[in-house]
Amino acid sequence: MRPSDPGRSPVRRNRLSAGFDALAGWATRRVVGMPTALLFVAAVFTLNLVLNIEDGTVGYDDREQLRHMTSWAWGYSGVQPPLHTWIVKSMVPIFGEGIDAIYAARFLVLLLVFIVMYGAARLMRLTPEGTAAAVLGLFLLPQIGWEAQRSFSHSLTGLLGAVGCLAALLWVLRDGRRIAYAALGLAAAVALLGKYNGAILLLGLAAGTLSAAPLARAIRPRRLLLSLGVFLAAIAGPAVWLSGRIGTLDDSAHKFEAGGTASPILDRLAGMGSLLLAIGAYSGLFAGLVLLALPPGGRLKALQDAARRVSEQAEVRLVVVAIVAGLVLLAVGLFVGGATNVETYWLHPLLVFTPLAVASAVDGLPAGARVHRATIGSAVLAAIVTVLAFVLRAFGLA
């Protein structure tokens with residue numbers, strides 16, 4: 001071995017590039033009519049479900065679900081929305097009344113998130129590589145690729161509702177039939193009945209739609225009333241239940257750590273700093289990968305081309321503006337309330353769209369293929385690592 005050999009580094013890069021190209025080609029294929037990317041996701045989640053059942057570890061969120069899964073209710077534990085617990089209960093006839101049903105619900109919801117994201121990417125008419133990158137790129141968001149597989153409950157169902165809202169909105173814009181508007185209302189209800197912070201995503205999507213004149217014109221106000229009707233009907237029971245518990249709405253207020261410093265000014269600075277750190281923890285790894293994937297001598301031009309595509313393509317702008325508008329609304333809320341703490345998973349309804357936003361922004365551009373293939377290759381490796389981690393945990397090797 002000769003460390004000084006100048007030819008070794010290019011060889012390694014070429015092999016890595018060839019490997020990622022091969023994975024990208026594989027991820028865009030179909031097997032028995034099904035997208036290979038989704039079959040891979042299903043295989044990973046099935047393996048990890050089995051390994052979790054074998055391990056039997058009970059986390060904090062799991063203990064809460066164990067307490068609530070014995071009964072049907074319009075809401076649980078103070079003011080928690082009911083939808084995730086309903087999904088857990090629906091798993092009981094198959095997996096029994098215990099931790100296995102909670103694991104099954106978790107991985108079912110996660111699989112649906114990936115499937116619905118695939119649908120959103122297809123509605124945006126991304127290339128096969130762009131679609132695979134938008135879906136598999138979720139594995140490169142630590143809060144989804146790892147944390148969501150080992151923890152979370154209500155946040156996951158809210159996550160599904162958020163992705164469903166975007167897909168339903170894109171369906172409305174593409175189709176305009178009543179069934180699409182009804183789906184939009186139902187998806188909005190799922191977003192809120194999963195986690196109340198889904199309201200931020202709904203406002204972000206409204207801002208994204210209004211930011212592009214072609215999209216705003218495509219909305220039919222009368223049919224939007226159908227969306228509203230379905231939404232109100234779906235949330236009616238939980239809303240009535242919640243109205244009788246208004247006094248407990250501040251049960252989780254301590255998580256925001258409002259007034260955590262001795263100064264109102266420092267409170268605001270701490271809150272903005274915590275928000276930035278949470279954004280970095282959620283999407284920083286993926287953003288770094290994208291920057292590395294861009295051509296070394298043409299990163300600035302590639303970023304400029306992507307920005308131009310965002311401004312010119314209405315549906316791409318919709319996704320990007322929804323993320324940015326939602327983050328701005330969150331920042332304003334933190335600033336007004338003097339909150340000093342932001343939990344990373346609170347950003348689920350917004351930053352889950354990071355891979356889709358990037359994939360759609362670079363799709364069809366000269367640098368797009370590099371980004372897609374780097375995303376797909378890295379995501380496949382990350383997914384396999386999660387399986388290995390659960391193997392080590394299940395058999396007491398770590």
To the nearest 0.5 angstrom, please state how far the [atom1] atom of [X] sits from the [atom2] atom of [Y].
X    : Y    : atom1 : atom2 : value
I102 : K89  : CD1   : NZ    : 11.5 Å
L330 : L201 : CG    : CG    : 12.0 Å
W146 : S151 : CH2   : OG    : 11.0 Å
W346 : Q143 : CH2   : CD    : 12.0 Å
T354 : L140 : OG1   : CG    : 11.0 Å
L202 : L329 : CG    : CG    : 11.5 Å

Main-chain N/O of [Y] paired to [X] side chain as donor or acceptor, under 3.5 Å:
X    : Y    : result
Q149 : G145 : yes
R373 : D21  : no
T209 : A216 : no
H348 : L159 : no
S274 : G271 : no
Y181 : R220 : yes
S360 : L356 : yes
S283 : G280 : no
T36  : R29  : yes
R177 : A180 : no

Indicate if [X] and [Y] have the same hydrophobic cluster label, given that clusters are the connected sets of ILVMFWY residues with side-chain heavy-atom separations under 4.5 angstrom.
X    : Y    : value
L292 : L23  : no
L392 : L49  : yes
I179 : V230 : yes
V385 : L285 : no
V321 : I200 : no

**Request:** In sequence, state the C-alpha distance, the side-chain angles, and the governing distance for F40 and F114, and then conclude on ring pair (Phe, Tyr, Trp, His ring centres under 6.0 Å).
**Result:** CA-CA 11 Å; F40 172 75; F114 280 70; 9.6 Å; no
Are [X] and [Y] packed together at the side-chain level, in the sense that at least one heavy-atom pair is separated by less than 4.5 angstrom?
X    : Y    : answer
L193 : T157 : no
F390 : D55  : no
L156 : L160 : no
E315 : R174 : yes
F353 : V320 : no
M124 : D363 : no
F231 : L192 : yes
S378 : F286 : no

**Message:** Apply side-chain contact (heavy atoms from CB on, under 4.5 Å) to residues I219 and L169 and explain how you reach the verdict.
**Reply:** CA-CA 9 Å; I219 297 294; L169 178 56; 4.2 Å; yes
**Message:** Working note: R106 + D62, criterion salt bridge (Lys or Arg N to Asp or Glu O under 4.0 Å); need CA distance, chi angles, decisive distance, verdict.
**Reply:** CA-CA 10 Å; R106 176 177 299 149; D62 301 330; 2.4 Å; yes
Do you know which two heavy atoms are closest between [X] and [Y], and how far apart they sit?
X    : Y    : answer
L275 : L347 : CD1-CD2, 4.1 Å
E64  : S153 : OE1-OG, 4.2 Å
L205 : C165 : CD1-CB, 3.7 Å
A148 : L110 : O-CD1, 3.5 Å
V92  : E97  : CG1-N, 3.9 Å
V116 : A167 : CG1-CB, 3.8 Å

**Request:** Applying side chain to side chain donor-acceptor pair (under 3.5 Å), run through D267 and T261 and close with a yes or a no.
**Result:** CA-CA 6 Å; D267 284 345; T261 72; 2.5 Å; yes
**Salt-bridge criterion met for R309 and D305 (N-O under 4.0 Å)** =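 Looking at D305 together with R309, the answer is no, because their closest N to O distance does not fall below 4.0 Å.
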Over 12 foreign heavy atoms within 6.0 Å of [atom1], [X]:
X    : atom1 : answer
L276 : CG    : yes
R223 : CZ    : yes
R125 : CZ    : no
R178 : CZ    : no
F95  : CZ    : yes

**Item:** Check against side-chain contact (heavy atoms from CB on, under 4.5 Å), R268 and I265
**Value:** CA-CA 5 Å; R268 272 68 185 178; I265 295 177; 6.0 Å; no
**Asked** Remaining members of L39's ILVMFWY cluster at a side-chain heavy-atom cut-off under 4.5 Å?
**Response**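 V31, V32, M34, which link up through side-chain heavy atoms under 4.5 Å apart, make up the rest of the cluster.
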**Message:** For R299, give me all partners under salt bridge (charged side-chain N to carboxylate O under 4.0 Å, His left out), at least two apart in sequence or on another chain.
**Reply:**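 R299 satisfies salt bridge (charged side-chain N to carboxylate O under 4.0 Å, His left out) with no residue once adjacent residues are dropped.
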**Request:** With side-chain contact (heavy atoms from CB on, under 4.5 Å) as the test, would you mind laying out the steps for L224 and L184 before giving the verdict?
**Result:** CA-CA 9 Å; L224 202 57; L184 178 59; 4.3 Å; yes
**Prompt:** Hey, what's the ring geometry for W86 with W74, parallel, tilted or perpendicular (30° and 60° as the breaks)?
**Reply:**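 Geometry flag for W74 against W86: perpendicular rings.
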**Request:** Carefully, step by step, assess R150 and N52 under the rule side chain to side chain donor-acceptor pair (under 3.5 Å).
**Result:** CA-CA 8 Å; R150 58 172 291 278; N52 272 260; over 6 Å; no
**Message:** Working note: I144 + V113, criterion side-chain contact (heavy atoms from CB on, under 4.5 Å); need CA distance, chi angles, decisive distance, verdict.
**Reply:** CA-CA 10 Å; I144 297 176; V113 167; 5.7 Å; no
